[in-house]
Each structure stands twice: as C-alpha cells, then as structure tokens.
Amino acid sequence: MDVAFTIRRYQPEVREDPYYETFKFEAEPTDRVLDGLNHIKWHMDGTLALRRSCQHGICGSDAMRINGKNGLACKTLLQDVGAEVTIEPLMGFPVLKDLIVDVDPFFEQFKKVKAYLINDGPEPDRERLQSPEEAARYGDTSKCIMCGACTGSCPSFWPGSGFIGPAAVVQAHRFMFDSRDEGNEERAAALDGRDGVWACRTVFNCTKACPVGIQVTRAIGEVKRALTWDGS
Amino acid sequence: MSDGAARERPTFTGPREWVTYRGGLGMLMWGLHRIAGLGILLFLTLHIVDIFLLGFGKDVFNSLIGIYSSPWAHVMDVFLVFGVLFHAINGLRIIVQDFAPRVMLAEHKLVVIELVVLFVIFVPAAWALLAPLFGG
Ligand code: FES
C-alpha cells in the first residue's frame, strides 16, 4: 500500500519552529508504524529523531501520538491506522527533537510517589511470601512499561500545571496494594493533593491509550478511595 | 535537563492539540460537563443581574423580565434544562465511579444508562416548555 506519514518535526539546530513534513513510500498493511518510521530514517531522511529500543512493546521508548491518539509505534499496525498517518510527539512533554521528548520530569514523578517497596520491618530469612490472591491485587498495574502514553493523553496533565500524571499513580498503586509494602503514609504526601490523584477528572483517555491494557482510570480511582478511607 | 534554560524546549501542547486528541466518549463527556458548567454559570450571572435591576425601580425590572416570557426565552430554557440535567446526571455518574472504581470497567454502559435517564427527564421537560409556542 502507498502510505503518507506526516510527522511533526522539530529540529532546533536548523529551524526554530516546529513544522510538519510528509513522507510518501510503499509499505505492507501488516507493517507497524515503527517500521515506517525506520524506513524514513534509514532511506529517506536520516535526521529524523525518535526513540525506540526493543521494538516489541516491552521497553516503552516509542510512545507517541499517532493519528491523534497515543500509542506505541511498535505495536500499531498500518492496517489499523490507515494510509494517512499523522505522527506527533507526546503532548505535555518538552520536545527535544522531532519525536523525542524530555522524560526527566516524567521520571521525577515516580520518585515523588516512592514507587518502590517500602518495608522497614525485620528482614525475613527468605523472600517475603505472598499468596496468588495478594499478588493479583496489583497484577494489573504491575504490567506498566512506563512509556508515558497515559500521562501524555491526560487533559489534566496537558496544561503543565504540575499534575503527577496517571503513570506515576499507576506505579504508586502497584506498591500501595502490595501486601508486603508499608509505605502508604509516605506516599500520601505526593498523591493526596491538588497535583496528586485529585487532579484526575476520570476522562479515561489514559485507559484507552495504555498499550498494555492497564485499567488506568480504575487504578487511580482505587488510589483515591484508599487515600480517603483505608489510609487513615 | 543538562543545559537548563540554555535552549527553550517547546512543549507540544495547546488548545488546538487538546481538542484534536482522539480520546473518544470519555473525553467528550468530560468536555460537555465543562461546557454545561459554564452555561449554568452564565445563567446564574444573568439571574443575579436581573434581580439587581430591581434596585432601579419597577419599570426597569418589568421591561427586562418581560423578555423571559418571549418564545426565544423558552428555547433558551430548553438549553438550560439540558445543561443542568446533563451536569447533574453526569456528575452522579462520576460520583458512582469514584465510590466503586470497579464499575469503570463498564464505562460505556454507564454512559448509556446516564443518557437514558437524561432523556427520560429531558424530553417531557422540553415538551412542557415548547408546547405553548405551538399553541399546545
Ligand atoms: S520500541 Fe520498545 S516499546 Fe516500542
């Protein structure tokens, strides 16, 4: 099939303003958007800047806005998006070059919510055991690959007013509902406030953007509940 | 963040980008909720202004209040009823979701239920408001 990729370019070295550029080439319907981007980079314009690594939906490097909706380029087939594809960087992130956004502030949010196991109790001799039911409690949010598709899809995040974003809440959820963890009080500082979960307006864009199918809005809802009732 | 303020990094964001994001039903409902909210605010402002006009005497107040019985005012009332109902019922859906996050798995079903409730109340109300215009 003949495809046309319209890409939002930003090349600060050569041009101050971002601009859109269209590339036309031949592709298979079963090709992924990432194959198309690779084709452009390798055969048409080597200056195209994008992140990708695993190319199999695992590393979470290539989240971008594809035809107006966030997703992973390596998991989106051309036959699902059509022959005219508009590709833009994630919204609400500072753009470094073309499709590459600055993810430093994004990862700062994970630190704020202390997305790691907190347990100051005495260390057991072996692993901290957990039943399958206890593990299932946070099973959904443990799938997160930290690609940022959800955070970049959130209207509360777009204006850049400081919302920690759905991805950070998902990470917090993963540990808050872990039976081995005892850090919920410490996490509340970042989660329970204007810039925390309460900035979520249940728009559901995050749930629809998640490339691994996490029920993001639901997870945020569970954190809200926990902060309201279970936490105190 | 190594070179700090040395170079401005234009964030990809802005009203044009926001409205063109294809978020689907959830984003549509969220947008309508804001619009309905602003509409209600506008109506309240209008209401406060007309009461305020009482202070300028009977005639001023009567001439303005007369506008409210015109056919156009009835049409506006229909919008008002829709806006208030939408804002109220959509708000109830959000509250239900907040109390029981697991219902979010059925987001679309909840919206369908919401719209059914909305129209069951709205249609008779709109009828009551518009029928007099057609001699009903
Ligand atoms: S390249 Fe690793 S997730 Fe797409």
Side-chain angles (χ1 to χ4, degrees), chain A residues 8 10 12-13 16-18 64-71 86 88-97 99-105 108 152-160 173 197-198 200-209 215-226 228-229, chain B residues 1-38 40-41 86-115:
Chain A
R8 187 182 191 269
Y10 173 58
E13 295 86 0
E16 230 172 76
D17 298 324
M64 51 190 75
R65 176 161 132 146
I66 304 164
N67 277 357
K69 183 171 181 253
N70 290 355
T86 304
E88 295 158 318
L90 287 179
M91 280 161 71
F93 291 80
V95 181
L96 300 180
K97 191 171 184 181
L99 302 172
I100 298 182
V101 295
D102 184 359
V103 285
D104 286 353
E108 281 304 315
S153 78
C154 176
S156 295
F157 178 78
W158 292 337
H173 179 283
V197 284
W198 304 111
C200 165
R201 302 284 189 269
T202 57
V203 182
F204 288 99
N205 280 5
C206 50
T207 304
K208 284 160 197 161
Q215 290 293 325
V216 183
T217 318
R218 181 194 180 183
I220 299 172
E222 289 180 345
V223 172
K224 285 176 182 168
R225 259 192 76 115
T228 310
W229 284 307
Chain B
M1 297 269 239
S2 46
D3 55 355
R7 176 185 292 151
E8 201 201 329
R9 287 150 174 179
T11 300
F12 178 47
T13 191
R16 200 185 67 87
E17 283 76 24
W18 302 343
V19 293
T20 53
Y21 188 87
R22 290 191 306 116
L25 186 65
M27 194 171 141
L28 180 73
M29 299 303 276
W30 168 77
L32 289 176
H33 195 78
R34 316 285 120 179
I35 294 170
L38 286 174
I40 294 167
L41 193 70
F86 182 87
H87 201 79
I89 300 172
N90 193 54
L92 287 175
R93 173 180 66 96
I94 295 166
I95 291 171
V96 168
Q97 289 174 168
D98 279 342
F99 272 102
R102 86 197 107 84
V103 301
M104 292 194 207
L105 294 175
E107 183 215 342
H108 285 204
K109 267 191 213 141
L110 285 177
V111 172
V112 170
I113 296 171
E114 171 190 334
L115 293 179

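For clarity, every value in this text was computed on a predicted model and none was experimentally measured.
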Heavy-atom cut-off 4.5 Å, strictly under: side chain, backbone, both or neither for [X] against chain B?
X	result
A:Glu222	both
A:Asn70	both
A:Ile220	neither

Discussion item. Check whether B:Tyr21 reaches the backbone of A:Cys154 with its side chain - one donor and one acceptor, N or O, closer than 3.5 Å.
Written reply: no

Fill in: Electrostatic pair A:Lys208-B:Glu107, nearest N-O below 4.0 angstrom
yes

Taking only distance into account, with no hydrogens and no angle test, what donor-acceptor pairs under 3.5 Å do side-chain atoms of residues 96-104 of chain B form with protein atoms, sequence neighbours excluded?
residue : atom : partner : partner atom : Å
B:Gln97 : OE1  : B:Arg93 : NH1          : 3.0

Worksheet entry | B:Thr20 side chain reached by A:Glu88 side chain, heavy atoms, under 4.5 Å | no

Fill in: Within residues 28-38 of chain B or reaching into it, pairs that qualify as side-chain hydrogen bond (donor to acceptor under 3.5 Å, both in side chains) - sequence neighbours excluded
B:His33-B:Asn90

Item to complete: Name the option with the most non-hydrogen atom pairs under 4.5 Å to chain B; the candidates are A:Gly221, A:Pro18, A:Pro94.
Response: A:Pro94

Item to complete: Over all heavy atoms of both residues, which pair between A:Asn67 and B:Arg22 is shortest? Give the atoms and the distance, please.
Response: O-NE, 2.5 Å

Discussion item. So, applying side chain to side chain contact (heavy atoms under 4.5 Å, CB included) with B:Phe12, which one of A:Leu90, A:Val101, A:Val95 is it?
Written reply: A:Val95

